[in-house]
Number of protein chains: 2
Amino acid sequence: MITLTEENYIKAIYHLGKYGVNNVSTNAIAKEMETKASSVTDMVKKLSEKGYVDYKKYQGVTLTEKGKEIAVNIVRKHRLWEVFLVEKLNFSWDEVHEVAEHLEHIKSKKLISQLDAFLEFPTHDPHGDPIPDKTGKIKKIDKILLSEAKIGDDCICVGVQDSSSDFLKYLDKNNIALGTELKVCHREPFDNSITIEIKAKELIISNMIANNLFVKVS
Amino acid sequence: MITLTEENYIKAIYHLGKYGVNNVSTNAIAKEMETKASSVTDMVKKLSEKGYVDYKKYQGVTLTEKGKEIAVNIVRKHRLWEVFLVEKLNFSWDEVHEVAEHLEHIKSKKLISQLDAFLEFPTHDPHGDPIPDKTGKIKKIDKILLSEAKIGDDCICVGVQDSSSDFLKYLDKNNIALGTELKVCHREPFDNSITIEIKAKELIISNMIANNLFVKVS
DNA sequence: AATAATTTTTAGATTAGTCTAAAAATTATT
DNA sequence: AATAATTTTTAGACTAATCTAAAAATTATT
């Protein structure tokens, strides 16, 4: 059996390893898990013995296929629950993460397959992140960061990089939601802030905002 | 903070104490929790220190008001989730308990209040057990065991005493569900089995079955 | 290439929850 | 009321997950 803690470590390693980083470092995991490096070393040894990660001393870890399967399944559950919370229980997108962190650990195949059906097989969670299917397949959409869009591009918001409450509330306040259309009007060379046109109004957003909003150029 | 294990002990003590038993014994808890008496003693001391139970050595325990509040809240969550599983996710009534055992520990006031609303404030779970309201109030219905009904009584099934899978499947097989109407026709003195009329058909049920089915005499 | 800085691991302790085996208290039986 | 049977508690040990502090290895800097 896999423990709650083991699942959380595997999830952390998955998220840290997902952007091309091949060996996830002990310190990175410690930071993500808000724990000490020594605790990570202990756990990583255990995960290695159980076959969830490949680990060589001082070299960091990578998930094995078995580990990846666990991770993807947790991600699937997390995102399905997020959809449930928003669509059925009227949570806003900045409130769902914390609760989903707990719901994702409930172990029942039937629960998840029925939830999936009940939600009519959603493909993306409320933040625009893709929901892996039951076989673990994740279909990627060709999104780019708003900061990478060219002047004149017509875009649709399709996701967020950061899903902290502060950022999501900023978007709410400025009427930016998934599906919102916007046009890139101007980029200020000094600070890389950009002016966008959104619902016939102009809005200046900082580079930091543009760096955390995914769009699809139409 | 209260741990998962503490919550489960409190729940066990609540269920054991609910039928008039004032002091729940160490052994009874051990049996309910499928653990050893020595473990129970340790935990009971901890619960006592934290103010969830009153405990005197060798005398068993009773829940304090604080403990009862915790217990009732867990029961509320458990039963709401059971309704959700049956009504929304098409679980059958013999499948819900195990999953609800996990869901009941998720801590989020908003989750439960929204779930309650989403389910349109159900008053009873799929086994006919009452769902405490947000203040912990439980409204009792005047149900009796079918074994206590008199010959000639017209009854409606309103709940089950035992909610084991075997018993519930027996009921399904014999077309007995909550809301089903039946009439008590005959009681066999030898073994206390009773003959009931149900949907124009006669059915003989053992005393053990009749002892686990709650009905309301109409 | 040697030293400094950083990262990672080890060693030893701690806490929550559990266990076995033995001791103490309570309850039941003669 | 004494003894037997049962229940409950204590004592000491174990596992999972964590921590601090020190040692070892790696990486960066002169």
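What you see below is based on every heavy atom in this structure, not just the backbone, and it leaves out hydrogens, waters and symmetry mates. Per chain, numbering begins at 1; letters A, B, ... match sequence-line order.
- Taking the side chain as every heavy atom from C-beta outward, Pro130(B) and Arg79(B) approach each other to under 4.5 Å.
- Here dT7(D) presents its P atom at 21 Å from NZ of Lys56(B), a figure rounded to the nearest Å.
- Per the geometry, CD belonging to Glu7(A) stands 15 Å off C1' belonging to dA16(D), to the nearest Å.
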Restricting both atoms to N or O, compile the protein contacts to nucleotides 23-27 of chain D shorter than 3.5 Å, with distance only.
| from | atom 1 | to | atom 2 | distance (Å) |
| --- | --- | --- | --- | --- |
| dA25(D) | O4' | Tyr58(A) | OH | 3.3 |

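- Counting to the nearest Å, the P atom of dA16(C) and the CD1 atom of Ile2(B) are 14 Å from each other.
- Between Lys45(B) atom NZ and dA16(C) atom P there is a gap of 14 Å when expressed in whole angstrom units.
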Dump every N/O contact between nucleotides 18-22 of chain D and the protein below 3.5 Å, one line per pair.
| from | atom 1 | to | atom 2 | distance (Å) |
| --- | --- | --- | --- | --- |
| dT18(D) | OP2 | Tyr9(A) | OH | 3.3 |
| dC19(D) | OP2 | Thr35(A) | OG1 | 2.5 |
| dC19(D) | OP2 | Lys36(A) | N | 3.2 |
| dC19(D) | OP2 | Ser39(A) | OG | 2.6 |
| dT20(D) | OP2 | Lys36(A) | NZ | 2.9 |
| dT20(D) | O4 | Ser38(A) | OG | 3.0 |

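- Aromatic ring centres of His105(B) and His102(A): separated by at least 6.0 Å.
- Base engagement by Thr41(B) is indicated by at least one non-hydrogen atom pair under 4.0 Å involving a base atom.
- Using a 30° and 60° split on the angle between ring planes, Phe118(A) and Phe84(B) fall in the perpendicular class, above 60°.
- Defined by atom type and a distance below 3.5 Å, a donor-acceptor pair is present between the side-chain atoms of Trp93(A) and Asp172(A).
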Under 3.5 Å, side-chain donor or acceptor atoms of residues 64-71 of chain A against the rest of the protein: list the pairs with distances, not counting sequence neighbours.
| from | atom 1 | to | atom 2 | distance (Å) |
| --- | --- | --- | --- | --- |
| Thr64(A) | OG1 | Gly51(A) | O | 2.7 |
| Thr64(A) | OG1 | Tyr52(A) | O | 3.1 |
| Thr64(A) | OG1 | Lys66(A) | N | 3.4 |
| Thr64(A) | OG1 | Gly67(A) | N | 3.1 |
| Glu65(A) | OE2 | Lys68(A) | NZ | 3.4 |
| Lys66(A) | NZ | Lys50(A) | O | 2.7 |

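- Heavy atoms from other residues, nucleotides or ligands lying under 6.0 Å from CD1 of Ile2(B) number more than 12.
- Thr35(A) places no side-chain N or O within 3.5 Å of a backbone atom of Lys31(A) that could act as its donor or acceptor partner.
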Contacts table for residues 134-151 of chain B: side-chain donor-acceptor under 3.5 angstrom, sequence neighbours left out:
| from | atom 1 | to | atom 2 | distance (Å) |
| --- | --- | --- | --- | --- |
| Thr135(B) | OG1 | Asp133(B) | OD1 | 2.7 |
| Ser147(B) | OG | Asn211(B) | OD1 | 3.1 |
| Glu148(B) | OE1 | Leu145(B) | N | 3.1 |

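- Residues Met33(A) and Asn8(A) are in side-chain contact: their nearest non-hydrogen atoms beyond the backbone lie under 4.5 Å apart.
- One can place CG of Leu4(B) at 12 Å from C1' of dA16(C), the figure rounded to the nearest angstrom.
- Listed pair Asn27(B) / dT6(D) fails the phosphate criterion, with no side-chain N or O lying under 4.0 Å from OP1 or OP2.
- Side-chain contact check for Asp191(A) and Ser193(A): at least one donor-acceptor pair (N or O, by modelled atom type) lies under 3.5 Å.
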Could you write out DNA chain C as a dot-bracket string, with dots for unpaired bases, | for bases paired across to another strand, and Watson-Crick or G-U pairs counted at under 3.5 Å? ||||||||||||||||||||||||||||||
Listed pairs under 3.5 Å, donor-acceptor, residues 85-92 of chain A side chains, sequence neighbours left out:
| from | atom 1 | to | atom 2 | distance (Å) |
| --- | --- | --- | --- | --- |
| Ser92(A) | OG | Asp94(A) | OD1 | 2.8 |
| Ser92(A) | OG | Glu95(A) | OE1 | 3.2 |

